[in-house]
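Computation of the quantities below employed the complete heavy-atom set of this structure, encompassing side-chain atoms and omitting hydrogens, waters and symmetry-equivalent molecules. Quick caveat: nothing in here was measured; it's all calculated off a predicted structure. The first residue of the sequence shown is numbered 1, and numbering continues consecutively from there.
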Amino acid sequence: MQAPPPKPKVRTSQGTQTGVYKIDTIKDIADSLNIVISDSVASALASDVEYRINQVIEEAARFMRHGRRTLLTTADIDLALRTLNIEPLYGHTPSTSSSSSSGFRRALPFPQIPAAGPVYFPEDEEIDFDRVLREEKIALPRGVSWTAHWLAVEGVQPLVPENPPAVPRESDGDPLAKGDLLKPNGVGAAAQPPVGGAGVAAGAPMLAVNGDAKKAGAAQQQQQLVKQVLSRELQLYYARLTASLLPPSASDHAKRVAALASLRHDAGLQALLPYLVRWVGEGVVGVLKEDAPAEGEGKVLDVLLDVIGAILDNSTLFVEPYLHQILPPILSILLHSSLPQTHTTHLRTSASQTLAKLLTQHSTTYPSLSPRIMKTLLLALISPGKSTGTREGAIRGLVGVGKEAVRKGLVEGGGARVVGAEWEKERERGRPAQGLVNSVMDALRVLQPPPSDDMSDALDPTRDSELIAKLHDVLGPFFARQVMSDAAWAKEILGVSS
């Protein structure tokens, strides 16, 4: 069967309209402007106008969809024209004021210029100044600003206004709720991190059962919290470190030296620092709470001072948050009235050297630290009723603080005069405090100028009578006689130029 022949294509004339925008509209606009255009030019312009209209409508529909709306508004058309970098249509922009429906108003026609087209102007709201002045003033809020503050320092939240206030716990003030204190290695009560598995720490004594289940539960919760802080390795390190340091014995000297060297140089001990500081503090309290510490306790105090010195020597440890816990053990050893007799001078000297090291490292960060410690030592030196050991420790502490502290404490504060008068009384009773006198002389030697090639002469009673009188008034008769043998030394103490 033969297929039917194809139908011939019908040619459209050049003026046939194929788009939405009519050619006649283009010609009418051209005639109004006195422009004559052909049908082909009008058809091309109509196609371009239709394309531009479709482009604007598609862009406006995009704004409509972003606004979660189904109604296309003049605002969408205006935003679309702005996006396509086309001048907006004045007179159709929606108003920002709720009192009018359009942002522009059409001006009245100008009779003088009939050929002028329509003129639009933005409609401004009329403001009644009397009403505005009568209304209540609304204060403008502060602008948004940014500031920095510490959220936490070593796990402790600082009490600054930007941070929320600390919530007091019900267990505060209850020693049982804070975890039972252990007495490892025979040294008083000391903090022991848990080493065992689940449950309470291994080796910890059982809490006293007094019918208060709330306290026991709180204590167990605190122990669980502590157990989550330290890793298994740090727990073993803490147990072996404390066992190697205390109790001190001659056979464990090598272990003690190795433990102190590890504490002085090893990194990664920051999490263990609060436990070590508390262990040292409670160890010192456990020794000094006895009225007359045994001679063996002096070695314990010496080891604890070495531990503090090793902590301060470790450059990887951030010690500043724990200074308020490190200073009390040092000052307690320094100012305690009755230390073991054979270790008194050595312990006070070691405590003074440790205090000097601490102030050297942290006095620049905390400028008020040295004056506060100097005030404490000065009160212990010149206050009436203080024991001989306390005064000796205060003097050696002033030496550790520095040269100016010695001058203010012994010379300007009258500490040497007080000690000299007390020594005279003790000598009359037949028990002179030679250690106290030696500590004052050691402190005064800090003020002694460096030796020169010329031999320094003693003060001449006839020629230097005024200087000798001033020396007696500042240092008292006893120490004035000790210093008179060196004229340069005496003048340095009094601050007199040679």
Checklist entry - If you look at every heavy atom in T354 and G309, which pair is closest and at what distance? => result CG2-N, 4.4 Å
Checklist outcome for this item: CD1 (I395) and CG (L381) are apart, to the nearest 0.5 Å, by 5.0 Å
Item to check | Heavy-atom side-chain contact between N163 and L159 under 4.5 Å | outcome: no
Item to check | Shortest non-hydrogen contact between P340 and L347, atoms and distance | outcome: CD-CD1, 4.5 Å
Checklist entry - Does R391 reach the main-chain N or O of S383 with its side chain, forming a donor-acceptor pair under 3.5 Å? => result yes
Next on the checklist: Before you tell me yes or no, could you show the steps for D78 and R82 under salt bridge (charged side-chain N to carboxylate O under 4.0 Å, His left out), namely the whole-Å CA-CA distance, both residues' side-chain angles and the distance that decides it to 0.1 Å?
Outcome noted: CA-CA 6 Å; D78 182 62; R82 292 177 183 272; 3.1 Å; yes
Item to check | 4.5 Å side-chain heavy-atom contact, V437 and F478 | outcome: yes
Checklist outcome for this item: The reported gap from CG in L305 to CD1 in I333 (rounded to nearest 0.5 angstrom) is 3.5 Å
Checklist entry - With no hydrogens and no angle check, is any side-chain donor or acceptor of R417 less than 3.5 Å from a backbone partner on L475? => result no
Checklist entry - Can you list the steps and then say if L377 with L335 is a side-chain contact (heavy atoms from CB on, under 4.5 Å)? => result CA-CA 8 Å; L377 297 176; L335 302 178; 3.9 Å; yes
Checklist entry - Between E282 and K289, is there a salt bridge with N-O shorter than 4.0 Å? => result no
Checklist entry - Between atom NZ of K386 and atom CD of E422, what is the distance when rounded to the nearest 0.5 Å? => result 12.0 Å
Checklist entry - Do the side chains of E404 and E412 get nearer than 4.5 Å, heavy atoms only? => result no
Checklist outcome for this item: When every non-hydrogen atom of L444 is compared with those of W489, the smallest separation belongs to O-NE1, 3.0 Å
Checklist entry - What are the two closest non-hydrogen atoms of L312 and Q361, and how far apart are they? => result O-NE2, 3.1 Å
Next on the checklist: So which atom in G281 and which in P329 form the shortest heavy-atom distance, rounded to 0.1 Å?
Outcome noted: CA-CG, 3.7 Å
Next on the checklist: Run the salt bridge (Lys or Arg N to Asp or Glu O under 4.0 Å) test against R256 and tell me which residues pass, sequence neighbours left out.
Outcome noted: none
Checklist entry - So do W279 and L241 actually touch side chain to side chain, heavy atoms under 4.5 Å? => result no
Checklist entry - What do you reckon, is CD of Q341 surrounded by more than 12 foreign heavy atoms closer than 6.0 Å? => result no
Next on the checklist: Could you check whether any side-chain N or O of R348 sits under 3.5 Å from a backbone N or O of H336, counting only pairs where one atom can act as donor and the other as acceptor?
Outcome noted: yes
Item to check | Nearest-0.5 Å distance, CE of residue M374 to NZ of residue K408 | outcome: 4.5 Å
Next on the checklist: Is it the case that over 12 heavy atoms from other parts of the model lie below 6.0 angstrom from the NE2 atom of H149?
Outcome noted: yes
Checklist outcome for this item: In terms of heavy-atom contacts, E59 and T83 come closest through OE2-CG2, 3.6 Å
Item to check | Any F318 side-chain heavy atom under 4.5 Å of V153 side chain | outcome: yes
Item to check | Test log, rule side-chain contact (heavy atoms from CB on, under 4.5 Å), inputs L323 and H362 | outcome: CA-CA 9 Å; L323 290 180; H362 302 285; 3.9 Å; yes
Checklist entry - Can you check whether S244's main-chain N or O pairs, donor with acceptor, with D252's side chain at less than 3.5 Å? => result no
Checklist entry - salt bridge (charged side-chain N to carboxylate O under 4.0 Å, His left out) between E135 and R131: does it pass, once the steps are laid out? => result CA-CA 6 Å; E135 288 180 351; R131 178 179 58 82; 2.9 Å; yes
Checklist entry - Would L447 and K403 count as a side-chain contact (heavy atoms from CB on, under 4.5 Å) if you check the C-alpha gap in whole Å, the side-chain angles of each, and the deciding distance to 0.1 Å? => result CA-CA 7 Å; L447 304 177; K403 182 177 180 180; 3.6 Å; yes
Item to check | L246 side chain reached by L304 side chain, heavy atoms, under 4.5 Å | outcome: yes
Next on the checklist: Can you confirm whether E162 is buried at CD, in the sense that more than 12 heavy atoms of other residues, nucleotides or ligands lie under 6.0 Å from that atom?
Outcome noted: yes
Checklist entry - Is the count of non-hydrogen atoms from other residues, nucleotides or ligands lying under 6.0 Å from I127 atom CD1 greater than 12? => result no
Checklist entry - Measuring from R396:CZ to S439:OG, what's the distance to the nearest 0.5 Å? => result 5.0 Å
Next on the checklist: R372: which residues meet the salt bridge (Lys or Arg N to Asp or Glu O under 4.0 Å) condition with it, sequence neighbours left out?
Outcome noted: none
Checklist entry - Is any side-chain heavy atom of S352 less than 4.5 Å from a side-chain heavy atom of L334? => result yes
Checklist entry - Passes side-chain contact (heavy atoms from CB on, under 4.5 Å), I311 versus Y322? Steps please. => result CA-CA 11 Å; I311 291 175; Y322 307 99; over 6 Å; no
Checklist outcome for this item: CG (L327) and OG1 (T376) are apart, to the nearest 0.5 Å, by 9.5 Å
Next on the checklist: Just checking R69: does its CZ atom have more than 12 heavy atoms from other residues, nucleotides or ligands closer to it than 6.0 angstrom?
Outcome noted: yes
Checklist outcome for this item: Taken in chain and number order and not counting sequence neighbours, the residues that satisfy salt bridge (Lys or Arg N to Asp or Glu O under 4.0 Å) with K357 are D313
Item to check | Main-chain N/O of P164 paired with Q157 side-chain donor or acceptor, under 3.5 Å | outcome: yes
Checklist entry - So, S262 side chain and A258 main chain: donor-acceptor pair closer than 3.5 Å or not? => result no
Checklist entry - Are R445 and D442 side-chain neighbours, meaning at least one heavy-atom pair lies under 4.5 Å? => result yes
